[in-house]
Amino acid sequence: MSSRGCVAALFLAFACIAGATELLQPSSEHFIVSVAQLQAGSRAQFDAWAAHNNKEYSSAEEAERRLAVWTANVQRQASKLAAADANGAAAEVSVNGLADVSLEEFKAGYLGQVSRRNVEALEAGKKKDHRYRYENIVPPAEVDWRTKDIVGPIKNQHVGGSPCGCCWAFATIGVTECIVAMATGKPISLSEQQLIDCDKAAPWYDLGCEGGDFEGGVDYIIDNGGIDTEKEYPYLAHDDKCIRDKEGLAPKASTLDGFGHVPVQNETALAQAVSQHPVAVAVCCGDHIDNWHAYTSGIFKIPGTDIPGGCTDPLDHAVVVVGYGTTKEGEDFWIIKNSWGETWGEKGFFRVPRNVGAPLAAFGLASQPGYPIKKGVNSNADPIRTDIWQEVPRSPTAGTTATS
Ligand SMILES: *[C@@H]1O[C@H](CO)[C@@H](O)[C@H](O)[C@H]1NC(C)=O
């Protein structure tokens, strides 16, 4: 699956709703496996892990198959920990909810190619006569949109065992949910499936379970006069028949008015945007697929590399940056929402190093950030195609190679 980057932004200075602000704590809820016990046999710990993660397998054969996959994954993690430990030992492994998924399944069902869309816009960002909307913003030291009651629920793009490379739809919807909640004052859950089914033909060029990007996704929502809710148009994890307005409601649950680009390869510019609202980004996972698969908590780094995920790989995933901060020890990080369920990472979120001194940033996240724009609660304003760099038209032919 590819997510060609779905970006949603809202560019109006809406009053940010300072609603209920319950701070999300990083999860320490992952199952801890004892390496000594694992060596004596993995079944008991697998069963306890499966109960911990509410796993239900369709048959005894399936449970056996998952036990074997799980054991191989956990043993690989234990060996890596041991190799990184000066004493060559690892007593415990923190194991997330994806440990019964093989790396091959993970690659097929959780990642995808992200096409580099709208090249003119990205290039235009480097021109001196184009001005960045947020260039004069002085970003605060830290921002966490999860405390503002605007970030929608953590979802899982991989359900029912059928791989659907639609991270682009989850990133489009993830950032759109935030922008809509900021404009309306109410959190909302919107439909990925409508994008997967309908955002296909020209001029959007996304490819459902075969990939796409968040700019095309936002364009679809603009052109469709909105998007249905998750409840009206639930996620199926496969390509299905397009229904452009399931409940026959117009305007639909939410409308959008435009798409904004953040200057590429610039973490300062990204912080300026994220200080105003969440931003969708494309990342590359493939170089370090097993680290992504096994991530549980903390600032996600790749042992032995200075700049995590140097991104020699194509962009193969799309996610939503929902904040940033600095640890007590002085380490800068981004806070990112993923679409792999709540049993992965910090309750479905993860953190990566920030201000790493490399143009593409950690895992390439500064490659093509963007966001939807919403001017009012449900406005009928003429869509803004390009709000930041005025001379950048939407490219009618871009994005045909997207995968997600
Ligand atoms: C990065 O963005 C900042 C703030 O928008 C800007 O001042 C700076 O010139 C940009 N850096 C580069 C290398 O473009």
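In each ligand, atom 1 is the first atom listed, and ligand 1 is the first ligand listed.
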Please work out which of Thr268, Val264, Asn266, Val262 has its closest non-hydrogen atom nearest to atom 6 (C) of ligand 1. Asn266

Decide yes or no on salt bridge (charged side-chain N to carboxylate O under 4.0 Å, His left out) for Asp316 and Lys107, but give the supporting numbers first. CA-CA 10 Å; Asp316 57 8; Lys107 242 180 187 158; over 6 Å; no

Separation of SG atoms, Cys242 and Cys198, below 2.5 Å: yes

Measure from NZ or CZ of Lys246 to the centre of the six-membered ring of Tyr233, then state whether that distance is under 6.0 Å and the direction lies within 45° of the axis. yes

Side chains of Asp100 and Tyr57: any donor to acceptor distance under 3.5 Å? yes

For atom 4 (C) of ligand 1, which protein heavy atom lies nearest, and how many Å away is it? Gln272 OE1, 3.1 Å

Atoms of ligand 1, numbered as shown, that sit under 4.0 Å from any heavy atom of Tyr132: 5 (O)

Any protein heavy atom < 4.0 Å from atom 2 (O) of ligand 1: yes

